[in-house]
Amino acid sequence: MLDIKLIRENPDFVREGLTRKNEPDRVSEILELDVQKRKIQTESDTLKAKKNKVSDEIPLLKKQGKDVAHVLEEMKALGEQIKVYDAELKEIELKLDEIVERIPNLPHTSVPTGKSAEDNVEVRRWLPDGTTLESEKKYLDHLELGKKHGILDFERGTKITGSGFPLYRGKGATLERALISFMLDYHINNHGYQEVMTPFIVNRDSMFGTGQLPKMADDMYLAERDGLYLIPTAEVPITNIYRGETIDERELPIKMVGYSPCFRREAGSYGRDSKGFLRVHQFNKVEMVKLVKPETSYDELEALVGNAEAILKALKVPYRVLLLCSGDLSFSAAKCYDIETWSPAENKWLEASSCSNFDNFQARRAKIKYKSADGKKSDFVHTLNGSGLATSRLMVSLLENNQTEDGRIRVPEVLIKYTGFDII
RNA sequence: GGAAAGGUGGCAGAGUGGUUGAAUGCGGCGGUCUCGAAAACCGUUGUGGGCUUCUAGUUCACCGGGGGUUCGAAUCCCCCCCUUUCCGCCA
């Protein structure tokens with residue numbers, strides 16, 4: 001959530017940011033409601049001050065044996081007037097909240113201006129020694145490999161649930177599990193994250209806190225009877241661990257990593273990239289989340305991207321890092337890097353990670369603050385998160401890049417101790 | 001699912017209609033003492049909003065959430081949520 005004071009005091013700055021993000025400009029509307037709100041609040045507060053003062057005097061007057069009937073009468077009328085103001089105030093606040101809650105975060109100054117994914121900027125590329133993207137080699141795609149070895153069974157996954165719910169079998173299931181364990185261990189042991197295992201279904205407050213609600217409601221699975229949502233990413237439960245809390249600054253930065261399945265309805269994207277793992281409704285992901293002091297957050301973002309890249313280097317998977325342009329940023333993000341892995345069979349890059357700094361946008365919504373050691377200063381933390389990484393697209397690259405001439409699949413060196421086998 | 005108890009400041013725990021934003025203890029922060037530390041002692045210590053002459057003053061709101069009664073509510077009434085314990089069911 002944007003700070004109403006920022007909108008009030010720097011409306012043009014906010015307008016510019018929203019324009020960069022291709023968002024409609026509702027700043028004037030907000031400012032108008034804000035003025036109305038404060039005007040009514042001032043009037044209501046003045047009356048309340050009077051009410052409080054007189055109410056304090058009543059017992060004293062009674063003690064003196066004075067007749068207070070006319071005072072009570074007066075106060076009753078005052079109370080009615082206050083009710084009228086408060087009802088009006090509430091109505092305006094509701095309107096204001098409804099708008100402000102749907103205003104996205106502003107892009108950071110270091111984010112390039114652009115309209116869509118076309119304008120994202122490739123900042124670096126990494127290929128394992130001896131590999132090139134152009135190859136004479138004939139690659140089977142992940143579906144063909146999955147079928148050939150009986151490790152992926154999309155047809156039966158569809159039978160169980162519907163399309164986009166993958167079924168892994170045999171060494172495929174083991175490889176998936178190995179990948180998750182490897183990534184978790186790597187971040188815990190080499191990058192200093194604390195492992196967390198969270199609920200995978202969350203309430204509305206949590207979804208609001210990280211910014212999925214109210215705008216992205218249609219993209220999520222909802223257990224309506226209970227008012228609970230299946231998480232689209234572990235970012236939601238992990239970030240919300242600290243919702244409503246004030247953290248001692250000496251505890252920052254807090255770095256957490258957790259595995260979760262992710263559930264996405266992908267409403268409106270049917271038919272696009274629908275092949276196999278390229279777009280699914282359920283996938284596995286290891287997610288890193290950091291709560292940090294404001295002045296460090298953009299450095300922490302660079303470190304976060306580095307943490308995700310380290311996994312791909314260890315697995316020897318070709319990848320590139322993109323700096324997203326303003327127009328391609330998600331609702332809550334101020335700055336974001338995507339990591340894409342190479343698919344030789346599709347002959348394209350696949351998004352496997354997204355690492356974002358949310359500045360204080362989520363912290364405001366989730367009310368996560370920190371307090372200085374001397375207790376004098378308190379402010380919102382900055383939150384960050386990054387996939388480290390999502391297994392589905394990574395699995396595509398992993399299977400395809402590691403296939404041998406005869407169509408078998410070599411298990412990357414670092415995963416062998418997790419799988420117990422070195423070839424499929 | 002049934003029954004009971006309970007939700008108060010960072011924590012523990014008073015408070016059942018009128019200077020109670022809230023006793024007391026612990027913790028935190030600052031200080032005295034000390035070579036230093038501990039102990040002891042002194043002081044201080046919630047959040048959010050509005051207004052103004054804005055490193056300050058003033059005012060409003062907040063005792064799980066929402067609504068109500070009243071001149072006045074942490075305290076009374078209604079609804080909801082959550083926690084704990086017991087019973088039932090169960091991986």
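Below, read A as the first sequence line, B as the second, and so on, with proteins coming before strands; counting in each chain starts at 1.
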Peer 1: Paired with B:G88: which nucleotide, if any, by Watson-Crick or G-U wobble criteria at under 3.5 Å for both distances?
Peer 2: none
Peer 1: Rounded to whole angstrom units, what separation is found between the CZ atom of A:R365 and the P atom of B:G48?
Peer 2: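 Distance check: A:R365 CZ to B:G48 P gives 19 Å.
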Peer 1: For A:R364, answer base if it contacts any base atom (sugar-phosphate contacts may also be present), sugar-phosphate if it contacts only those atoms, and nothing otherwise; contact means non-hydrogen atoms under 4.0 Å.
Peer 2: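 Result for A:R364 = nothing.
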Peer 1: Going by ring-ring contact (aromatic ring centres under 6.0 Å, His included), name the residues that satisfy it together with A:H382, two or more places apart in sequence or in a different chain.
Peer 2: none
Peer 1: Strictly by modelled atom types, are A:T419 and A:K171 linked by a side-chain donor-acceptor pair under 3.5 Å?
Peer 2: no
Peer 1: Apply the ring pair (Phe, Tyr, Trp, His ring centres under 6.0 Å) test between A:H108 and each candidate in A:F358, A:F361, A:Y298; give the one that qualifies.
Peer 2: A:Y298
Peer 1: For B:C79 versus B:C26, give the span between their P atoms, rounded off to a whole number of Å.
Peer 2: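 Approximately 41 Å lies between the P atom of B:C79 and that of B:C26.
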Peer 1: Between B:G27 and B:U34, how far is it from one C1' atom to the other, in whole Å?
Peer 2: 24 Å
Peer 1: Once you round it to whole Å, what is the distance between P of B:C81 and CG of A:L228?
Peer 2: 12 Å
Peer 1: Could you measure between the two P atoms, the one in B:G13 and the one in B:G31, and give it in whole Å?
Peer 2: 32 Å
Peer 1: What is the distance, rounded to the nearest whole Å, between atom CD1 of A:I82 and atom C1' of B:G50?
Peer 2: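 Taking atom C1' of B:G50 as the reference, CD1 of A:I82 is at 15 Å.
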Peer 1: Are the charged groups of A:D34 and A:R38 less than 4.0 angstrom apart, N to O?
Peer 2: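 Between A:R38 and A:D34 there is a salt bridge, with a charged N closer than 4.0 Å to a carboxylate O.
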Peer 1: When rounded to the nearest Å, what value does the distance between C1' atoms of B:U16 and B:C63 take?
Peer 2: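 These two C1' atoms come out 14 Å apart once rounded.
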Peer 1: A:F380 or A:K50: which one's nearest nucleotide on RNA chain B is closer to the 5' end?
Peer 2: A:F380
Peer 1: How far does the C1' atom of B:G2 sit from the matching atom of B:G21, given to the nearest Å?
Peer 2: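 These two C1' atoms come out 40 Å apart once rounded.
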Peer 1: Tell me the interatomic distance from A:K377, atom NZ, to B:U55, atom P, rounded to whole angstroms.
Peer 2: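 About 18 Å, once rounded to whole Å.
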Peer 1: Measure OH/A:Y370 against C1'/B:U47 and give the value in whole Å, please.
Peer 2: 17 Å
Peer 1: Between B:G18 and B:A22, how many Å separate the two P atoms, rounded to a whole number?
Peer 2: 16 Å
Peer 1: Any strand counts, and the cut-off is 3.5 Å on both contacts for Watson-Crick or G-U wobble. Which nucleotide pairs with B:G43?
Peer 2: B:C29
Peer 1: Expressed as a whole number of Å, how far does the P atom of B:C80 sit from that of B:G72?
Peer 2: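 Result for the P pair: 27 Å, nearest Å.
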Peer 1: Whether A:R15 and A:D12 form a salt bridge (side-chain N of Lys/Arg under 4.0 Å from carboxylate O of Asp/Glu) is what I want to check.
Peer 2: yes
Peer 1: Using 4.0 Å as the upper bound for N to carboxylate O, is an ion pair formed by A:D248 and A:R250?
Peer 2: yes
Peer 1: Look at the side-chain N and O atoms of A:K39 and state whether any lies under 4.0 Å from the OP1 or OP2 oxygen of B:C51.
Peer 2: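 Checking B:C51 against A:K39, no side-chain N or O comes under 4.0 Å of OP1 or OP2.
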Peer 1: Please report, rounded to the nearest Å, how far the P atom of B:C60 is from the OH atom of A:Y85.
Peer 2: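 Spelled out: OH on A:Y85 to P on B:C60 is 17 Å.
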Peer 1: Does the structure show a Watson-Crick or G-U wobble partner for B:A22, both distances under 3.5 Å? Name it, or say none.
Peer 2: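 By the stated definition (distances under 3.5 Å), nothing pairs with B:A22.
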Peer 1: Do nucleotides 61-72 of chain B as a string where each nucleotide becomes B, S or -: B if the base has a protein heavy atom under 4.0 Å, S if just the sugar-phosphate does, - if no protein is that close.
Peer 2: S----SS-S-BS
Peer 1: Could you tell me the separation between the NZ atom of A:K371 and the P atom of B:G28, rounded to a whole number of Å?
Peer 2: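 Atom NZ in A:K371 sits about 14 Å away from atom P in B:G28.
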Peer 1: Report the distance from atom CD of A:E9 to atom P of B:C54, rounded to the nearest whole Å.
Peer 2: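 Distance, rounded to whole Å: 15 Å.
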Peer 1: Please give the distance between the P atoms of B:U8 and B:G15 as a whole number of Å.
Peer 2: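 Per the computed distance, 14 Å lies between those P atoms.
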Peer 1: Looking only at side-chain N and O atoms, does A:R38 come under 4.0 Å of OP1 or OP2 in B:C60?
Peer 2: no
Peer 1: If pairing requires Watson-Crick or G-U wobble contacts with both distances under 3.5 Å, which nucleotide is the partner of B:C63?
Peer 2: none
Peer 1: Does A:F208 have any ring-ring contact (aromatic ring centres under 6.0 Å, His included) partners at least two apart in sequence or in another chain, and if so, which?
Peer 2: none
Peer 1: For RNA chain B, whose closest nucleotide is more 5', that of A:S44 or that of A:D3?
Peer 2: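 Between the two, 5'-proximity favours A:D3.
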Peer 1: What nucleic acid atoms does A:K53 come within less than 4.0 Å of, heavy atoms only: base, sugar-phosphate, or nothing?
Peer 2: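 Answer is nothing: A:K53 stays at 4.0 Å or more from every strand.
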Peer 1: Should B:U75 form a Watson-Crick or G-U wobble pair with both distances under 3.5 Å, which nucleotide is its partner?
Peer 2: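 Its partner is none (no Watson-Crick or G-U wobble pair with both distances under 3.5 Å).
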Peer 1: Can a side-chain donor-acceptor contact be found between A:S354 and A:D338 if the only test is distance below 3.5 angstrom?
Peer 2: yes
Peer 1: Tell me which nucleotide, if any, is Watson-Crick or G-U wobble paired with B:C54 when both distances must be under 3.5 Å.
Peer 2: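 Matched B:C54 with nothing under the 3.5 Å cut-off.
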Peer 1: Considering only side-chain heavy atoms of A:R250, which listed nucleotide, B:G28, B:C60, B:U47, is closest?
Peer 2: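 That would be B:G28.
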Peer 1: Could you let me know what B:C35 is paired to, Watson-Crick or G-U wobble, both distances under 3.5 Å, or none if it's on its own?
Peer 2: none
Peer 1: State whether a side-chain donor-acceptor pair under 3.5 Å links A:Y337 with A:E302.
Peer 2: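 Judged by distance alone, the side chains do pair up.
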